[in-house]
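Okay, structure first, notes after.
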Amino acid sequence: MKREYAHLDALFSALAHRHRRAILDRLSVQPSSISRLASELMLSLPAIHKHIAILEKANLLQRKKNGRSYFLALRRNALASLRHWIE
């Protein structure tokens with residue numbers, strides 16, 4: 001039970017910031033590179049990396065390397081525990 005609540009705490013914490021919600025919103029449409037997300041959201045690379053770390057801790061993102069760039073995708077199934085808790 002405590003483990004489930006720890007995961008929910010991480011999800012709620014990740015969703016609490018508008019920049020992180022904006023990242024998830026963009027990734028819900030299509031995967032994107034970190035630099036492109038930073039540019040679209042007008043965030044510095046260090047700032048977006050901090051937000052990405054929080055989203056990854058909540059297991060909301062999948063990161064893949066393609067050449068020299070990292071691409072992020074939304075892990076939709078990670079929201080299932082949140083959906084279950086709400087219901």
Side-chain angles (χ1 to χ4, degrees):
M1 188 72 125
K2 286 185 179 185
R3 181 172 167 83
E4 180 183 341
Y5 285 125
H7 180 65
L8 285 173
D9 288 345
L11 283 171
F12 281 118
S13 178
L15 297 172
H17 196 282
R18 65 184 173 96
H19 286 136
R20 292 191 287 272
R21 290 190 306 272
I23 291 168
L24 294 177
D25 185 52
R26 283 189 168 54
L27 294 176
S28 71
V29 176
Q30 69 180 16
S32 180
S33 69
I34 294 173
S35 58
R36 183 174 181 171
L37 281 173
S39 175
E40 289 175 352
L41 297 172
M42 294 187 286
L43 293 171
S44 67
L45 284 176
I48 199 151
H49 280 286
K50 287 181 182 180
H51 290 300
I52 288 169
I54 293 167
L55 292 168
E56 285 180 321
K57 182 178 177 185
N59 201 31
L60 290 166
L61 298 180
Q62 179 178 4
R63 183 190 295 233
K64 289 187 178 182
K65 188 171 184 177
N66 187 359
R68 293 177 49 195
S69 298
Y70 284 97
F71 285 83
L72 300 172
L74 176 63
R75 285 189 174 186
R76 296 177 192 279
N77 62 346
L79 296 171
S81 61
L82 182 59
R83 187 178 310 117
H84 177 4
W85 179 82
I86 291 170
E87 293 172 350

Next item on the list: Find out whether Leu41 and Arg26 are in side-chain contact, i.e. whether some heavy atom of one side chain is under 4.5 Å from a heavy atom of the other.
Entry: yes

- Query: Is it true that atom CZ of Arg36 has more than 12 heavy atoms of other residues, nucleotides or ligands lying nearer than 6.0 Å?
  - Reply: no

Exam field: side chain Ser13 to backbone Ala10, donor-acceptor pair closer than 3.5 Å
no

In terms of heavy-atom contacts, His7 and Ser81 come closest through CD2-OG, 3.0 Å

Kindly check if the number of other-residue, nucleotide or ligand heavy atoms within 6.0 Å of OH (Tyr70) is above 12? no

Side-chain contact test, heavy atoms from C-beta onward, threshold under 4.5 Å: evaluate it for His51 versus Leu43 and give yes or no. yes

Residues pairing under salt bridge (Lys or Arg N to Asp or Glu O under 4.0 Å) where one sits in residues 61-87, two or more places apart or in two chains, turn out to be Glu56-Arg63

If two hydrophobic side chains count as joined below 4.5 Å and joins carry through other members, does Ile48 share a cluster with Ile54?
no

Here the gap from Arg20 atom CZ to Lys50 atom NZ, rounded to the nearest 0.5 Å, amounts to 11.5 Å

d(Ile52 CD1, Leu72 CG) to nearest 0.5 Å is 4.5 Å

Checklist entry - In the single-linkage hydrophobic clustering (I, L, V, M, F, W, Y; side-chain heavy atoms under 4.5 Å), do Ile23 and Leu15 co-cluster? => result yes

With Ser35 as partner, the option from Ser39, Ser32, Ser33 fulfilling side-chain contact (heavy atoms from CB on, under 4.5 Å) is Ser33

Count I, L, V, M, F, W, Y as connected when their side-chain heavy atoms are under 4.5 Å apart, and connections chain through other members. Are Leu8 and Leu60 then in the same cluster? yes

Worksheet item: Under a single-linkage definition using a 4.5 Å side-chain heavy-atom cutoff for Ile, Leu, Val, Met, Phe, Trp and Tyr, are Ile34 and Leu55 assigned to the same hydrophobic cluster?
Response: yes

